[in-house]
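First up is the structure itself, then whatever we jot down about it.
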Protein chains: 2
Amino acid sequence: MRIGELAEATGTTTKTLRFYEEAGLLPPAHRASNGYRDYGPDAVTRLDFIRRGRAAGLTLAQIREVIDIRDAGQTPCSHVHDLLTIRLTDIDRQIADLQGLRATVARLCHEAGRAEPAACDAEDVCRYL
Amino acid sequence: MRIGELAEATGTTTKTLRFYEEAGLLPPAHRASNGYRDYGPDAVTRLDFIRRGRAAGLTLAQIREVIDIRDAGQTPCSHVHDLLTIRLTDIDRQIADLQGLRATVARLCHEAGRAEPAACDAEDVCRYL
DNA sequence: CTTGACCTTCCATCGTGCTGGAAGGTTCAC
DNA sequence: GTGAACCTTCCAGCACGATGGAAGGTCAAG
């Protein structure tokens, strides 16, 4: 299949596919006689893997690590487990940070809702922030 | 005070202070006879306001909006309230997204922990992701 | 035979908030 | 007088994941 068909089939764009190839996430595509990229069905499988990795919040670099392990003939299972463990810790920290931030912003927002502009000091820009 | 002293006093860097001036967050500093920037105590107040805005997760552009309203002689209270309300909605959405993501990653991580490499299909890179 | 939809490469740009470094001027202590 | 520690401007680049556009080749339908 051609690049536009693959993009259509996987819900992405030709730009992104060329970018992924450049980034080593897709193997260099076989070329038809006219120079057009010619993909087999395994490209769809590969892109689905990339999509799952992105959905899990992995970076393209991390996804590439996993692909490289597989392409080197190893099984990437344990590395995937490591990546997911780190990711989980990171997500938990992000959630905790956001919950702290939410409390702060909610308090400020509540105060700003009952603001008395006259009480503000111009030099301080806004006392409700 | 000179730029290095202001940076020291506010816990930032001279690079950042020049960047803020360029971005319109700090008014162009008065210059001493040798061309050095010369700041008054109000610069500390202004930087403290910027720091509070950053801590609330506002972008520099949003902080600048507030500053511009104040510098135009208006009271920015209601705009601050609007910004904080939007920010709160956004934070709640981010938290919800992350909690959904956490569930996904936790499940994958659990499965990957009891992985059987032999059961993996090489074309699929890793079935645990 | 032309039009339009594809495809190719290459290079630049987005947003966000800085950060680094070069090349040079100023000031102060020793 | 010299060296360090400041300061100045200007231009480049980082991460991240694409996205836009120019200039040109290819192919099938009408």
Side-chain angles (χ1 to χ4, degrees), chain A residues 1-26 28-40 43 46-47 49-67 83 86-87 90-91 94 97-98 101, chain B residues 1-26 28-40 43 46-47 49-67 83 86-87 90-91 94 97-98 101:
Chain A
M1 69 202 316
R2 291 187 308 186
I3 195 169
E5 296 167 320
L6 180 59
E8 176 86 6
T10 56
T12 180
T13 67
T14 60
K15 282 286 187 189
T16 298
L17 294 178
R18 293 193 197 93
F19 170 73
Y20 280 178
E21 178 176 313
E22 184 65 24
L25 291 162
L26 287 174
H30 174 248
R31 298 303 178 111
S33 57
N34 56 10
Y36 287 14
R37 287 175 179 81
D38 185 21
Y39 295 96
R46 171 64 63 97
L47 280 163
F49 175 74
I50 295 171
R51 192 194 49 70
R52 296 200 306 275
R54 293 293 296 142
L58 298 185
T59 65
L60 296 184
Q62 290 172 324
I63 293 168
R64 185 178 168 170
E65 284 173 16
V66 178
I67 289 172
L83 285 176
I86 292 168
R87 188 77 193 100
D90 196 45
I91 290 170
Q94 284 183 58
D97 286 353
L98 278 173
L101 182 57
Chain B
M1 69 201 316
R2 292 188 306 185
I3 196 169
E5 295 167 319
L6 180 59
E8 174 87 6
T10 56
T12 181
T13 66
T14 58
K15 283 284 188 190
T16 298
L17 294 178
R18 292 192 198 95
F19 170 74
Y20 280 177
E21 180 176 310
E22 185 66 24
L25 291 161
L26 287 174
H30 174 246
R31 299 302 179 113
S33 56
N34 57 10
Y36 288 12
R37 286 174 180 82
D38 185 21
Y39 295 97
R46 171 63 62 98
L47 281 163
F49 174 75
I50 295 170
R51 192 193 50 70
R52 297 200 306 275
R54 294 291 296 141
L58 297 185
T59 65
L60 296 184
Q62 289 172 325
I63 293 169
R64 185 177 168 171
E65 284 173 16
V66 178
I67 288 172
L83 285 176
I86 292 167
R87 187 79 192 98
D90 196 45
I91 290 170
Q94 284 183 57
D97 287 353
L98 278 173
L101 182 57

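Letters A, B, ... mirror the listed sequences (proteins, then strands); counts begin at 1.
- Between A:E22 atom CD and D:dT19 atom P the separation is 16 Å, expressed in whole Å.
- As rounded to whole Å, 13 Å separates atom C1' of C:dT16 from atom CG of B:L25.
- Listed nucleotides: C:dC18, D:dC7, C:dC6. Nearest to the side chain of B:T16: C:dC18.
- For the segment residues 30-38 of chain B, the set of residues with a heavy atom within less than 4.0 Å of an atom of DNA chain C comprises B:N34, B:Y36, in numerical order.
- As a whole-Å value, the separation of B:L6 CG from D:dC7 P is 10 Å.
- Look at A:T13 and you won't find any side-chain N or O under 4.0 angstrom from OP1 or OP2 of D:dA18.
- Counting heavy atoms of neighbouring residues, nucleotides and ligands inside a 6.0 Å radius, atom CD of A:E5 exceeds 12 of them.
- Taking all atoms of both residues into account, the shortest heavy-atom contact from A:A7 to A:T14 is CB-N, 3.8 Å.
- One atom, CZ of B:F19, and another, P of D:dT8, lie 17 Å apart when rounded to the nearest Å.
- To the nearest angstrom, P of C:dA5 lies 16 Å from CD of A:E5.
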Please list, for nucleotides 21-24 of chain D, all pairs of protein and nucleotide N/O atoms separated by less than 3.5 Å.
from   : atom 1 : to    : atom 2 : distance (Å)
D:dG21 : N7     : A:K15 : NZ     : 3.4
D:dG21 : O6     : A:K15 : NZ     : 2.2

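- Between A:L6 and A:A43, the shortest heavy-atom distance links the atoms CD2-CB, 3.9 Å.
- Residue A:T59 places none of its side-chain N or O atoms closer than 4.0 Å to OP1 or OP2 of D:dC16.
- For B:I3 and D:dT9, the CD1 to P distance is 9 Å, given to the nearest whole Å.
- At whole-Å resolution of the value, CZ in A:R51 and C1' in D:dG17 are 17 Å apart.
- Between B:Y20 and the phosphate of C:dC18, there is a side-chain N or O to OP1/OP2 separation shorter than 4.0 Å.
- The CG-P distance, from B:L47 to C:dG17, rounds to 15 Å in whole Å.
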side-chain contact (heavy atoms from CB on, under 4.5 Å) evaluation trace for A:R64 with A:T59: CA-CA 9 Å; A:R64 185 178 168 170; A:T59 65; over 6 Å; no
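- A:D38 has its side chain out of reach of A:R2: every pair of non-hydrogen atoms, C-beta onward, lies at least 4.5 Å apart.
- A heavy-atom distance below 4.5 Å is found between the side chains of A:L47 and A:L17.
- If you take CG on B:L83 and CG on B:D90, they are separated by 12.0 Å, rounding to the nearest 0.5 Å.
- What you find for A:A9 and A:M1 is that their closest heavy atoms are CB-CE, 4.2 Å.
- In this structure, A:R18 reaches the bases: a heavy-atom distance under 4.0 Å links it to at least one base atom across the strands shown.
- Here B:R54 reaches the OP1 or OP2 of C:dG17: one of its side-chain N or O atoms lies under 4.0 Å away.
- Contact annotation: the side chain of B:I3 never approaches that of B:Y36 to less than 4.5 Å [non-hydrogen atoms, C-beta and beyond].
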